Amino acid sequence: MKTCLNLKTVKKVSIACIAALSFASCSNNDNEVELDLATKILFTSNNEDGNVNTFNVGDINSVTRATLNTSVTAADGIYYDSDDDLVVQASRSTFGLEGYTGISLDAPLVSVNVTASVVGTTDMSSPREVAVSNDFYVVADNADVDGNADTPDGRLFVYVKEGNRFNLRNTITTNIKLWGIIFVGNDLYAVADATNKLAVYNNFLSNTSTTTLEASKTIVAEGIVRTHGLTYDAMTDTMILTDIGAASNGQDDGGFHVISNFSSKFRNTANGATLAVSEQTRVSGSNTMMGNPVDVAFDGETGTVFIAEAGNNGGRILAFNNINSGGNLTPVYNASLAKASAVYLHKE
Ligand SMILES: [Ca+2]
Ligand SMILES: [Ca+2]
Ligand SMILES: [Ca+2]
């Protein structure tokens, strides 16, 4: 079957077959081929060399890797926009967003040198995670705001992508320390760094001026020492929070918590109240290779958790399957990535 060489064609053919219920021309084998060839790319950033490493994780037992070599030397939060063939990361050497165009998934990714052609003003001090809603790119900056490291605070920089520019619309100052952020619909969830708390800012983008903003609601995730990264999968209503434990232990005190049926659990936990650890599933222990898991992505379809591990062995990308009962799991995939800082999973 020659069209197997073109992944998108195969998918379209299979979908058309299913729609027509044409079993004669669409065997079960074709459907299996479609699933096996699903495009799933994990985009990653790091603070070692600032390059974007991509991992084709469509088959977790046969992962292929390619590197987009950038001119920045350290980076965090990462995102991929398939409509624009655009990879975006938050540069920690220029302190602005950088977008690399022409990154198409129509053919397997190969290692290339890239130049940022979508850029913006370099407003930030310590950019971390990036959260995207349509053309709005929000960056969490964890630098101290008020000159007193003992008072928790941070800033959310709200950029709008217009043409090949990231234009700063406004800046929101928070009274929590920031790191991981993610949109769930119109609401922006944020970890309260250095704590075990999860905050939400409802209708976040409706705050159009530069101002300070209190979280709409904050809950405590029992069992976590210090959360850092988070991700949400709408298909399975699953929230995942990482736990870096002590930052000083980069080897074996980290983990992550899976919160299934997240919407109702969050709704039913009052502002300031605690979500019991018995309502969460914890993965941690010596087999997990997690010391400082700083970011997380989740494929709800396969139940696979991807982790950016900043500390263990200098930094790794990890994947875990069969997470339902938690515990001291051995990663199903493990690759070195020095000072790994962020992961973003793109599926099509
Ligand atoms: Ca402060
Ligand atoms: Ca740790
Ligand atoms: Ca991320």
Side-chain angles (χ1 to χ4, degrees), residues 41-47 52-55 75-80 87-90 97 125-133 137-155 173-184 188-196 212 224-233 239-256 283-286 288-299 305-318 337 339-347:
I41 307 290
L42 188 75
F43 292 88
T44 72
S45 53
N46 74 78
N47 282 311
V52 176
N53 285 265
T54 67
F55 298 78
D76 208 310
I78 185 146
Y79 182 74
Y80 179 68
V87 173
V88 177
Q89 64 178 353
L97 285 172
S125 301
S126 182
R128 297 296 182 182
E129 180 68 299
V130 174
V132 180
S133 175
Y137 284 67
V138 179
V139 190
D141 189 303
N142 76 327
D144 176 53
V145 180
D146 66 354
N148 178 357
D150 293 335
T151 56
D153 47 39
R155 283 174 297 173
T173 299
T174 62
N175 59 4
I176 59 173
K177 291 191 176 191
L178 294 170
W179 201 286
I181 51 173
I182 193 164
F183 277 103
V184 179
L188 187 75
Y189 285 79
V191 304
D193 186 27
T195 77
N196 55 357
T212 59
I224 287 182
V225 176
R226 176 177 178 175
T227 186
H228 231 57
L230 81 173
T231 194
Y232 177 77
D233 177 58
M239 178 70 81
I240 301 179
L241 303 171
T242 71
D243 180 4
I244 67 165
S248 55
N249 178 345
Q251 296 308 308
D252 59 13
D253 71 335
F256 61 82
V283 173
S284 65
S286 54
T288 66
M289 302 184 182
M290 286 189 285
N292 286 338
V294 287
D295 194 19
V296 58
F298 183 54
D299 182 1
V305 174
F306 298 95
I307 293 286
E309 163 60 42
N312 187 283
N313 199 40
R316 299 180 187 272
I317 296 298
L318 304 170
L337 181 66
K339 296 182 184 172
S341 55
V343 284
Y344 177 80
L345 180 66
H346 172 77
K347 301 197 288 184

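The model shown is predicted, which means the values in this text are computed figures rather than measured ones. Start at 1 and go down the list; that is how both ligands and their atoms are numbered.
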With respect to the Ca ion (ligand 1), what is the nearest N, O or S atom of Asp153?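 This turns out to be OD2.
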Which atom of Asp146 approaches the Ca ion (ligand 1) most closely (N/O/S):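 The Ca ion (ligand 1) is closest to the Asp146 atom OD1, counting only N, O or S.
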Determine which of the N, O or S atoms in Asp295 is closest to the Ca ion (ligand 3) and give its atom name.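 It is OD2 of Asp295.
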The Ca ion (ligand 2): angle it makes with O (Gly291) and O (Ile244), nearest 10 degrees: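 About 80° at the Ca ion (ligand 2).
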Has [X] got an N/O/S atom less than 3.0 Å from the Ca ion (ligand 2)?
X: Asp253; answer: yes
X: Asn292; answer: yes
X: Gly245; answer: no
X: Gly250; answer: no
X: Asn249; answer: yes
X: Ala247; answer: no

Between [X] and [Y], is there a donor-acceptor pair closer than 3.5 Å when you use the side chain of the first and the backbone of the second?
X: Thr242; Y: Gly229; answer: yes
X: Asp141; Y: Ser125; answer: yes
X: Asp153; Y: Val145; answer: yes
X: Ser341; Y: Ser45; answer: yes
X: Glu129; Y: Ile182; answer: no

Within less than 3.0 Å of the Ca ion (ligand 1), any N, O or S from Asp150?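 Under 3.0 Å: Asp150 has no N, O or S contact with the Ca ion (ligand 1).
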Report the angle formed at the Ca ion (ligand 3) by atom O of Val343 and atom OE2 of Glu129, rounding to the nearest 10°.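 Computed angle, vertex at the Ca ion (ligand 3), rounded to 10 degrees: 170°.
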Will you find, in the side chains of Thr44 and Asn53, an N or O donor that is under 3.5 Å from an N or O acceptor?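 No donor-acceptor contact under 3.5 Å links the two side chains.
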Compute whether any side-chain donor of one residue and acceptor of the other, for Asp295 and His228, lie under 3.5 angstrom apart.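 The criterion, which ignores hydrogens and geometry beyond distance, is not satisfied for His228 and Asp295.
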Please note down the angle at the Ca ion (ligand 1) between O of Asn148 and OD1 of Asp144, to the nearest 10°.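 Nearest ten degrees: 90°.
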Any side-chain heavy atom of Asp243 sitting closer than 4.5 Å to one from Thr227?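 Of all side-chain heavy-atom pairs linking Thr227 with Asp243, none is under 4.5 Å.
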Tyr79 and ring-ring contact (aromatic ring centres under 6.0 Å, His included): which single residue from Tyr344, Phe183, Phe43 fits?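 Among Tyr344, Phe183, Phe43, the one that satisfies the ring-ring contact (aromatic ring centres under 6.0 Å, His included) with Tyr79 is Tyr344.
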